[in-house]
Protein chains: 4
Amino acid sequence: MSPRTTKQLEEIRASKRALIMNTALKLFAVEGYYITSISKIASAANISKGLLYNYFKSKEDLLSEIFHLGMDEIFKDFDPNQDGVLTKEELMFFIDKTFQKLNKNKDFWKLYFILIMKPSVFKIYEKRFMELVAPLFQTLENYYSAKGLKNPNAEARLLGATLDGVGMHYILDPENFPIEIVKQIIIEKHI
Amino acid sequence: MSPRTTKQLEEIRASKRALIMNTALKLFAVEGYYITSISKIASAANISKGLLYNYFKSKEDLLSEIFHLGMDEIFKDFDPNQDGVLTKEELMFFIDKTFQKLNKNKDFWKLYFILIMKPSVFKIYEKRFMELVAPLFQTLENYYSAKGLKNPNAEARLLGATLDGVGMHYILDPENFPIEIVKQIIIEKHI
Amino acid sequence: MSPRTTKQLEEIRASKRALIMNTALKLFAVEGYYITSISKIASAANISKGLLYNYFKSKEDLLSEIFHLGMDEIFKDFDPNQDGVLTKEELMFFIDKTFQKLNKNKDFWKLYFILIMKPSVFKIYEKRFMELVAPLFQTLENYYSAKGLKNPNAEARLLGATLDGVGMHYILDPENFPIEIVKQIIIEKHI
Amino acid sequence: MSPRTTKQLEEIRASKRALIMNTALKLFAVEGYYITSISKIASAANISKGLLYNYFKSKEDLLSEIFHLGMDEIFKDFDPNQDGVLTKEELMFFIDKTFQKLNKNKDFWKLYFILIMKPSVFKIYEKRFMELVAPLFQTLENYYSAKGLKNPNAEARLLGATLDGVGMHYILDPENFPIEIVKQIIIEKHI
DNA sequence: CATGAATGAGCTTTCATTCAT
DNA sequence: GATGAATGAAAGCTCATTCAT
């Protein structure tokens, strides 16, 4: 009789939004962004095409929302006390956490690797990406600097690249990649 | 006015084929595979769309040919004497060579990173890829084994992943990435 | 807390109906009929899309209602005593009144000119339109006939067309069109 | 065997372009611009949708091309010796010619009246339109000025508006509108 | 060998309309 | 009376591919 309350509506919107984003994330990661049509997403989420556009302005917007949300979630707890100082234990914890996240969000990371290489798309995310990643690199650099290494910046860059490379290889072939031992070796070499 | 000899015709075909492939490689790397239309490739190569189909049976085929040729070229001299034994000097040379190639073929490597992550596409190339890469990994593993390391396979995998990660980061931001110093550190850490 | 009386409800309905029609008229005139979506009208009128359909059974129906109401209002006082006889003063008054109305209802007249040319739409309104306009033309014809002119019908038709043409030009460029002087000339030429 | 000559291609392009424009003009005039879908145009012209986009960048572009070509053709011989001086005979000739053109290009004129009132569209054509029409009005003004009339500009504007109004009414109801007699009366009143 | 007009399937997107609440 | 989530048909447009020349 009476219209739904604001709270009800918000719940509907939030849960449907999440449904669409999760469905799309999976498809984007498994099939690729261009291959995945709006129709496919809609029917996989059991909604109409039209409704999707009620939640997202465009296909690109949907991608962008997924990516930003993912980045925020992934990076949010890499920011423990923000003092910029890293102990040996903290760095070990950081690396450990990285691998845990990789395991828990394979779909997102697959999308991340796909997107990060997409020329036209990377520019859109570059700024946000740099904002999130820059402090991380700085902290790492400080760590290596305090350790007395000659090229702390290069060491930090190398660790970042190594983690990305390992992530890529692991995601491409999760069954055969010796992820645990590799993690140990990284800790030995880079701490 | 005499008809072209078979040899001349073959030369024309070969050079036109190369022209198309190089044009497409550049566009694929810079703009992306889906964005790049056959029309664009044809007009960038100053030929007609029809002619392109005279050389490649589909857009996907063109991509595949580029990728395979690239892979073959890139990997062909990583196979020096095939004895499977690597000295310290040879490994250093190998790493050095890897970075040189990265620099000389940025377009190809960009395409390589894009494609390798594309789920639907990777499967097509997986076999050939593994054939090319497997002996490399084996040789590396032997090297680390001979060196007495505990986990030679993981060490080999890690070096591969590290090189890929560095390649990715370097290609994304060639101006700022300290490629030379990173190379030195890799040599220190992994040899 | 007592339920609203029937009369109150009727008032609410009437005023909301008018609100929707005025909002839509403005948007139709300024943006065009097809461009203006139901959503836009609803949000401009601060109501829900659903409610709009409580008052009008379709977009076309809304347009039709606006147009009919406008026509009725515009033409209602062109029918003073219905005796079909027009004095010179009455004709001057008529022309004057026409221009006044043009000024007061520019939005409606713009819509009128747009719609009158729309083939598919004109047929819908043609009958009502003719019913309203025919007596006017008849009266004008009688006037010219009484004045002894050779082609009273053509004179009446010409005056009608002239007023429409002037209306169009005035609405397209209200700042520069010398409406007052033009009115005087029309009076001179056509009375 | 050999590809078509440039001349052949030009002929194909020109005739197909004209076919599309004529088909679209008719449909736009009879059904309206928005109602007429690209599919309808294509199938009325017996070509595929895709081919239409080979000749026109967009639906709007097609409309624009039709309108501009029409305007140019219509106005091109209203520019006899460009001396800006009009004799009584020339003005009569001008009015006569106007009505002839109206008759020969009813479809175009219908489209013209539809478009000229379309808010969003008129702005696109305004400039070209003004360039074509302004000298005409100037010449008319000079004529009335030379005749010693008090308000030559308003007289010119009125004649323009009258011709447009008559055009509109005639097009809306060609069978019943006494076009010939009306023309005579206009000549009497405005010359 | 070479051309580009032509096709048509399939894409993203819009929007009038419905209906459970 | 009032809401807005949901639908689905249809729109404009793109593009890999074909084929007559």
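Letters A, B, ... are given to chains in the order of the sequence lines, protein chains preceding strands, and every chain is numbered from 1.
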Using atom types as modelled, flag every donor-acceptor pair under 3.5 Å from a side chain in residues 9-24 of chain D to any protein atom, sequence neighbours excluded.
| unit_1 | atom_1 | unit_2 | atom_2 | d |
| --- | --- | --- | --- | --- |
| Arg13(D) | NH2 | Asn54(D) | O | 3.3 |
| Ser15(D) | OG | Glu11(D) | O | 3.4 |
| Ser15(D) | OG | Ile12(D) | O | 3.4 |
| Arg17(D) | NH2 | Glu65(D) | OE1 | 2.4 |
| Asn22(D) | ND2 | Ala18(D) | O | 3.2 |
| Thr23(D) | OG1 | Leu19(D) | O | 2.6 |

Rounding to a whole Å, what distance do you find between Ile47(D):CD1 and dT7(E):P?
7 Å

Sub-4.5 Å side-chain heavy-atom contact between Ile116(B) and Phe129(B):
yes

Might you point out which heavy atoms bring Thr5(D) and Gln8(D) nearest each other, and give the distance in Å?
N-OE1, 2.8 Å

Restricting to non-hydrogen atoms, name the atom on Tyr34(B) and the atom on Ile35(A) that form the minimum distance, rounded to 0.1 Å.
OH-CD1, 2.8 Å

Taking every non-hydrogen atom, the tightest pair across Thr36(C) and Leu27(C)
OG1-O, 3.4 Å

Counting only side-chain nitrogens and oxygens, does Asn54(D) get under 4.0 Å of the OP1 or OP2 atom of dA6(E)?
no

Can you confirm whether Leu62(D) sits close enough to Tyr55(D) that some side-chain heavy atom of one is under 4.5 Å from a side-chain heavy atom of the other?
no

Walk along nucleotides 12-17 of chain E from 5' to 3' and tag each nucleotide B, S or - by protein heavy-atom contact under 4.0 Å, base first, then sugar-phosphate.
SBBBSB

Between the CG atom in Leu63(A) and the NE2 atom in His68(A), the distance rounded to the nearest 0.5 Å is 9.0 Å

Dot-bracket encoding of pairs in DNA chain F, which uses [ ] for pseudoknotted crossings and | for another strand, Watson-Crick or G-U under 3.5 angstrom:
.||||||||||||||||||||

Asn46(B) vs Leu52(D), nearer the 5' end of DNA chain E by closest nucleotide:
Asn46(B)

With sequence neighbours left out, what residues match Tyr33(C) under ring pair (Phe, Tyr, Trp, His ring centres under 6.0 Å)?
Phe28(C)

Under 3.5 Å, sequence neighbours excluded: what are the donor-acceptor pairs made by side chains of residues 38-48 of chain A?
| unit_1 | atom_1 | unit_2 | atom_2 | d |
| --- | --- | --- | --- | --- |
| Ser48(A) | OG | Leu51(A) | N | 3.2 |

Check the distance between dG1(F)'s P and Gln8(C)'s CD and give it to me in whole angstrom.
14 Å

Approximate separation, where rounding is to 0.5 Å, of Ile66(A) CD1 and Phe56(A) CZ
7.0 Å

Just how far is it from atom CG of Leu111(A) to atom CG of Asn105(A), taken to the nearest 0.5 Å?
11.5 Å

For a quick check of understanding: with a heavy-atom distance under 4.0 Å over all strands, which category does Tyr55(C) fall into, base, sugar-phosphate or nothing?
sugar-phosphate

Tell me which residues in residues 9-22 of chain A put a heavy atom below 4.0 Å from DNA chain F, sorted by number, or none.
Leu9(A), Ile12(A), Arg13(A), Lys16(A)

